[in-house]
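Below is one structure, written out as structure tokens, with a few remarks after it.
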Amino acid sequence: MSVRVRFAPSPTGYLHVGGGRTALYNYLFARHHGGSFILRSDDTDRARSTAEYQQDILESLRWLGLDWDEGLEVGGDQGTYRQSERLARYQEVAAELIAEGSAYYSFATAEQLEAFREEAMASGRSPAYDGRHEPDPADAMARLAAGEPATVRFAVPRPGETTFVDVVRGTVTFDHVQVDDFVILRSNGTPTYHLASTVDDVDFGITHVIRGEDLLASTPKHILLTEAMGAEQATYAHLSLLMGPDGKKLSKRHGHTAIKAYRDAGYLAPAMVNYLALLGWSPGDDETVVPLDEMVRRFDLAEVSKNPAIFDTDKLDWMNGVYIRELDVASFAEAVLPLVEEDLERSLDAGEVATLREIAPHVQERAKLLSEVPEQVRFVFAGIEYDEGSWNKVMTKEGADVAVKGACERLAVLDNWSIEGIEGSLREMLATLELSARKGLQPLRVAISGSSVSPPLFESMAALGRERTIARLEQAAARME
RNA sequence: GGCCCCGUCGUCUAGCGGCCUAGGACGCCGCCCUCUCAAGGCGGUAACGCCGGUUCAAAUCCGGUCGGGGCUACCA
């Protein structure tokens, strides 16, 4: 039987990094086994679900490059992959379960339930509701007929226990005294997550349910439901959760949690994917930078780590730098162009685009984030803006003024205006003035870029062009007096 | 409170009873390279939570303990 997995987020929030990792593991598993990766929307909670979140999930998944074979937008045999459009099916299953005695109408009030739980906890017993406050079936039917509101609960067999083999966790057992007679249909007739999700997994032929550990304790419910439906059990795999740097559950206060936020912050999708994959999975050898196709080839769910991982951006930043450097120059320049234009608040003309391509390789090897590129090249496309700290540190040093003036004179008459020509001329000047490269070149850097940190000097001058280079040197010389 | 899951450098991890003097990566520190900053090269720092048990031998198996996390809704 071929592998079928699904990623089924609820559109009640943006796709966050934890969800991204869950989607990725599903994707890797499906691709490794040549199976299908399905995208479903578990939107039974109409109050909290929004179209905006749904859109964000789709876009984030596409950005990461995790294409799905079936489901939202791409369609498939099931018709709809939105739970909100399958209500009738869930109600039908609920009716069947009631008919065969696996579920019942429940009239327990919120007060009764709360009192039961409170007392159970106080006396050290399980707070799982066991149906003790329910009327006998004949009474129930009468009350229902009289129009009394009721939920539908699943009748968990008691005593009993459910044991299953989780691919990442091993054998797990839950005693049914810990599993409550959970609601499958709300009093308004809509299904709860447990029902909708399980029915869909059965109907869609899902073979492996790969999801977060937050659902581990709910798995007995899903297994019991599947059994009551007379369907074959899926294999389960529960991924440990992602934590913040303080070891607590990852949340907004730890910084960005939305996948989109990383795209906007200048991260590359392949770097993000690579980093996420390594949060809980290792290819086994000492490899760290692993391209997606290689991950697909080597991924094994059984090797996924049981421990919760801390989402720490230090390594992600480093990895992003690695991926930036792996880009060919043309792609890098292309990726960075809109960011540069946004920073300058204008578009670049053809000549400037060519200049950007010229300087691109020199910033490419320095960048960790695409978003830090604009400020590094700004001096080439906008007017000079001196960083006072740099100026004070460099331009007041002995020899700074002679270097700037000397460079001015030489470059004005330089025949060979090229990176090599500029370097040759300036090195000659250093020798003549008996200045070290550091002492003689730093003032020039500040003069043309405004900062003591910039792309390489000769390359920067070449990109800037002779006219502007000299103008800036003159401007700096004047400012030093 | 009850139940379940987890516990190797600061972080992500390798390790599946002897190859462990515990390996790799990030970070951090130092050196080299060098026109700045990076990148790169080289080196260093740093961990089996604790206590028992099994065994000739334990990071690896078992028990306990402590710590972290999850669930305990007519949320998912």
Side-chain angles (χ1 to χ4, degrees), chain A residues 8-10 12-13 42-45 47-49 106 110 113-114 117-118 120-129 149-153 166 168-170 172-175 177-180 182-188 190 192-194 196-197 212-220 238 240-241 243 245 247-249 275 278-289 305-319 321-322 325 362-368 376 390 394 423 426-427 430 436-442 444-446 449 451-458 460:
Chain A
S10 291
T12 54
D42 281 15
D43 58 349
T44 52
D45 185 352
R48 293 199 301 145
S49 298
S106 167
L113 292 169
E114 200 177 320
R117 287 178 194 127
E118 236 168 72
M121 278 201 243
S123 55
R125 285 178 291 114
S126 164
Y129 179 59
T151 60
V152 175
R153 287 180 184 274
D166 186 291
V168 340
R169 264 145 232 291
V172 186
T173 298
F174 287 88
D175 190 309
V177 300
Q178 300 299 333
V179 184
D180 62 339
F182 56 102
V183 172
I184 58 176
L185 233 44
R186 302 185 184 101
S187 51
N188 67 6
T190 62
T192 59
Y193 169 78
H194 300 301
S197 178
E213 197 192 347
D214 51 337
L215 263 356
L216 182 64
S218 296
T219 302
H238 289 89
S240 59
L241 271 15
M243 301 293 159
K248 300 295 181 189
K249 194 180 170 196
Y275 174 71
L278 262 32
L279 247 31
W281 175 73
S282 152
D285 53 24
D286 291 336
E287 298 300 314
T288 303
V289 178
S305 170
K306 296 175 176 64
N307 2 340
I310 291 178
F311 184 85
D312 172 17
T313 52
D314 275 350
K315 196 167 189 166
L316 172 60
D317 287 354
W318 164 79
M319 190 166 280
V322 171
R325 272 170 259 129
H362 309 293
V363 306
Q364 181 178 5
E365 60 180 72
R366 300 173 154 65
K368 274 199 162 74
Q376 289 180 14
S390 295
V394 175
E423 172 159 16
L426 292 179
R427 290 218 184 269
L430 292 176
S436 66
R438 191 186 202 93
K439 279 193 155 176
L441 265 25
Q442 272 301 83
L444 307 186
R445 182 188 311 284
V446 173
S449 76
S451 167
S452 60
V453 176
S454 84
L457 185 64
F458 314 124
S460 295

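Lettering follows sequence order; numbering is per chain, from 1.
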Any side-chain N or O of A:R125 less than 4.0 Å from the OP1 or OP2 oxygen of B:G1?
no
Residues 308-317 of chain A, side-chain donor-acceptor partners within the protein, below 3.5 Å, at least two apart:
| residue | atom | partner | partner atom | Å |
| --- | --- | --- | --- | --- |
| A:D312 | OD1 | A:D314 | N | 3.3 |
| A:D317 | OD1 | A:Y267 | OH | 2.4 |

Strictly by Watson-Crick or wobble contacts shorter than 3.5 Å, is anything paired with B:C61, and which nucleotide is it?
B:G53
Ignoring backbone atoms, establish whether A:S218 has a side-chain N or O less than 4.0 Å from OP1 or OP2 of B:A76.
no
For B:A22, what is the paired nucleotide under Watson-Crick or G-U wobble rules, both distances under 3.5 Å?
none
Just N and O in the side chain of A:N307: are any of them under 4.0 Å from OP1 or OP2 of B:U8?
yes
If pairing requires Watson-Crick or G-U wobble contacts with both distances under 3.5 Å, which nucleotide is the partner of B:C9?
none
Short heteroatom pairs, N/O only, protein and nucleotides 65-67 of chain B, under 3.5 Å:
none

Would you mind telling me which of B:C6, B:G2, B:A76 lies closest to the side-chain atoms of A:D42?
B:A76
Rounded to whole Å, the CG-P distance (A:D175 to B:C71) equals 21 Å
Pairs under 3.5 Å (N/O, protein and nucleotides 17-24 of chain B):
| residue | atom | partner | partner atom | Å |
| --- | --- | --- | --- | --- |
| B:G24 | O2' | A:D286 | O | 3.2 |

Would you kindly give the CG-to-C1' distance between A:L426 and B:U34, to the nearest whole Å?
16 Å
Please work out if A:F458 contacts a base, only the sugar-phosphate, or nothing of the nucleic acid, heavy-atom cut-off 4.0 Å.
base
Indicate whether OP1 or OP2 belonging to B:G69 is found under 4.0 Å from a side-chain N or O atom of A:K248.
yes
A:M319 CE to B:G27 P, straight-line distance once rounded to whole Å
11 Å
If you look at every strand shown and take non-hydrogen atoms under 4.0 Å, does A:H238 touch a base, only sugar-phosphate, or nothing?
nothing
Assign A:G321 to base, sugar-phosphate, or nothing according to its heavy-atom contacts below 4.0 angstrom with the strands shown.
nothing
Please state whether the phosphate of B:A73, meaning OP1 or OP2, lies under 4.0 angstrom from any side-chain nitrogen or oxygen of A:R117.
yes
Nearest to the side chain of A:R169, heavy atoms from C-beta on, is which of B:C74, B:A76, B:C5?
B:C5
Counting only side-chain heavy atoms from C-beta out, which of B:A76, B:A39, B:A38 sits nearest to A:E365?
B:A38
Using a 3.5 Å distance criterion without hydrogens, assess whether the side chain of A:S460 forms a donor-acceptor pair with backbone atoms of A:P455.
yes
Just checking A:G440: base, sugar-phosphate only, or nothing, at a heavy-atom cut-off of under 4.0 Å?
nothing
Within the structure shown, what part of the strands sits under 4.0 Å from A:L457 by heavy-atom distance: base, sugar-phosphate, or nothing?
base
Calculate the interatomic distance between A:W318 atom CH2 and B:G10 atom P; express it in whole Å.
20 Å
It should be established whether A:R445 places a side-chain nitrogen or oxygen under 4.0 Å from OP1 or OP2 of nucleotide B:C37.
no
Any A:K306 side-chain nitrogen or oxygen under 4.0 Å from OP1 or OP2 of B:G69:
no
Rounded C1' spacing from B:C20 to B:A57 in Å:
13 Å
